[in-house]
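Naming: A, B, ... by sequence-line order, numbering from 1 per chain. Just so it is clear, the values below take in all heavy atoms, side chains as well, and ignore hydrogens, waters and symmetry mates.
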Number of protein chains: 2
Amino acid sequence: MSDRTGPRPGGRSARVQAAVHRAVRELQQERDRAALTVPVIATRAGVTPSTIYRRWGDLAGLLADVAVERMRPDQVPADTGSFRGDVLAWLTQYADEMASAPGRAMLRDVLGTEAYVGACKCDGFLREHVESLRERARARGEQPPPVSLLVERIVAPLLYGILFTNETPTAELLEALFDQMMLDHKHR
Amino acid sequence: MSDRTGPRPGGRSARVQAAVHRAVRELQQERDRAALTVPVIATRAGVTPSTIYRRWGDLAGLLADVAVERMRPDQVPADTGSFRGDVLAWLTQYADEMASAPGRAMLRDVLGTEAYVGACKCDGFLREHVESLRERARARGEQPPPVSLLVERIVAPLLYGILFTNETPTAELLEALFDQMMLDHKHR
């Protein structure tokens with residue numbers, strides 16, 4: 001699913017979005033999830049509830065949007081000198097974040113909308129991220145596996161573990177998944 | 001995570017649970033998710049809202065419980081004569097159900113509670129189901145792979161596809177995942 005183009009930076013629409021997102025993040029710090037309602041958020045952001053309904057549809061849509069923004073990678077990943085090192089450094093941090101209480105709340109929000117639009121955006125961020133690690137690997141002369149194989153063999157079991165077994169994948173498990181994937185990639 | 005023991009069948013507690021579950025299922029047919037509230041459900045079930053809060057904590061907990069009950073496999077799987085046939089018959093139906101609109105709504109409900117208790121129960125049902133297919137396979141003289149490998153290599157990418165890319169895994173994809181898993185299982 002393609003990423004929708006966001007509002008023009010600095011425009012009125014972008015300012016409304018920033019204010020509403022900020023209000024949600026503040027209120028999430030201050031109170032229980034059950035106490036978050038569209039009117040409460042609108043009051044804090046200084047907009048009308050109908051502005052929120054028009055733009056985000058409902059509370060679940062707004063929460064998913066805020067969670068997705070937090071999941072967008074905000075920095076160029078560290079160069080560890082190898083594709084294996086780069087991927088494991090990123091995935092270890094990703095697993096820790098997603099398995100934490102705030103990470104789980106983000107995942108719930110992201111998966112909380114009808115068509116999983118937020119979840120699809122997360123998948124997009126993740127694939128872009130892996131692609132940038134692959135480009136770097138190729139520049140070093142490595143032969144990284146396709147993005148789809150890495151998602152299928154490491155990201156999918158990592159998220160299944162967090163969502164369906166309530167376990168935090170260990171660094172050892174991630175290493176084992178990576179090494180088995182590379183072995184199979186070479187033999188295909 | 002272990003499955004909590006349910007109420008004694010036929011007891012007062014079991015009758016309350018059945019009435020509340022039935023009320024939720026009826027109301028889900030009749031109206032929007034946003035219109036489902038604990039007081040509305042309590043009225044339909046003929047119990048007080050505090051009965052529901054005491055037993056299920058909140059609306060999300062109740063919806064997760066109802067969704068989990070629907071995901072419990074309700075029949076002995078068909079015997080197709082081989083482990084491959086049995087697994088693919090089950091997974092093709094499972095993927096179709098989970099990717100449908102009601103299936104997606106169930107997954108959302110199941111993943112909607114704080115500690116993912118409902119999701120852990122689903123993982124338990126699924127592993128029991130695979131275990132019963134493995135026992136049948138061993139009785140035939142086959143050497144089925146461990147449950148954990150099947151979950152990691154087929155179930156996890158299947159659910160990742162549904163939740164994060166909004167795609168329905170095809171029968172061809174499931175076959176390819178199964179055959180690759182068996183190949184790697186033999187070479188380990």
Next item on the list: Measure distances from B:L158 to the heavy atoms of chain A and classify the residue's part below 4.5 Å as side chain, backbone, both or neither.
Entry: neither
Next item on the list: Kindly indicate whether the side chain of B:E128, heavy atoms from C-beta on, has any atom under 4.5 Å from the side chain of B:E131.
Entry: no
Next item on the list: Please answer whether the main-chain N or O of B:I162 pairs with a side-chain N or O of B:R104 as donor and acceptor at a distance below 3.5 Å.
Entry: yes
Check: Does any heavy atom of chain B fall under 4.5 Å from the side chain of A:L126, the backbone, both, or neither of them?
Finding: side chain
Notebook entry, point to check: Does the pair A:D184/A:R153 count as a salt bridge with the N-to-O cut at 4.0 Å?
Noted result: yes
Notebook entry, point to check: Under 30°, 30 to 60°, or over 60°: which ring-plane class applies to B:Y160 and B:F164, parallel, tilted or perpendicular?
Noted result: parallel
Next item on the list: Answer with side chain, backbone, both or neither: which region of A:L159 has an atom nearer than 4.5 Å to a non-hydrogen atom of chain B?
Entry: side chain
Check: Do B:E69 and B:R25 meet the salt-bridge criterion of a basic N to acidic O distance under 4.0 Å?
Finding: no
Notebook entry, point to check: Which bit of A:L59 comes within less than 4.5 Å of chain B, counting heavy atoms only: side chain, backbone, both or neither?
Noted result: neither
Checklist line | chain B contacts, top residue of A:G161, A:A119, A:P157 (heavy-atom pairs, under 4.5 Å) | finding: A:A119
